[in-house]
Amino acid sequence: MEKCKRDIILKDCGCTYEPCSKKGKCCDCIKYHRDMNQLPGCLFPPEAEKTYDRSIKYFCEVMEKRGYKLI
Ligand code: SF4
């Protein structure tokens, strides 16, 4: 099994929520948000990420405002 790349990933993590213990552990981060029907913060554009609203609904709203056509 490949070694965890947390130290490398942490440098590129787009999430600004600092107290989170899952930061840099993408597998835990994705599972946590997926279980709540959400998306990880790194998928949101920076200004939207800072709201800490990780809902799929908010993601779709933000991306549609940026010109993406979601289905
Ligand atoms: S997106 Fe959520 S789980 Fe992932 S590092 Fe940020 S606050 Fe933590």
Problem - Worked check of side-chain contact (heavy atoms from CB on, under 4.5 Å) between Tyr58 and Leu39 - result: CA-CA 10 Å; Tyr58 181 56; Leu39 296 170; over 6 Å; no
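- In this structure, CD1 on Ile8 lies 14.0 Å from SG on Cys13, to the nearest 0.5 angstrom.
- A distance-only check finds a donor-acceptor pair linking the side chain of Arg6 to the backbone of Lys23 [under 3.5 Å].
- Using a 4.5 Å cut-off on side-chain heavy atoms (C-beta onward), Ser55 and Glu61 make no contact.
- Cluster annotation: Leu43 and Met63 are assigned to the same hydrophobic cluster (Ile/Leu/Val/Met/Phe/Trp/Tyr, side-chain heavy-atom contacts under 4.5 Å, transitive).
- To the nearest 0.5 Å, atom OH of residue Tyr17 and atom CD of residue Glu49 are 11.5 Å apart.
- Taking the side-chain contact (heavy atoms from CB on, under 4.5 Å) definition, one finds that Cys42 meets it with Pro40, sequence neighbours left out.
- Listed for the Arg34 side chain is no donor-acceptor partner under 3.5 Å among the backbone atoms of Cys29.
- Lys50 places none of its side-chain heavy atoms less than 4.5 Å from the side chain of Phe44.
- In terms of heavy-atom proximity, Leu70 sits nearest to Cys60 at CD1-CA, 3.4 Å.
- No side-chain heavy atom of Tyr68 sits under 4.5 Å from any side-chain heavy atom of Val62.
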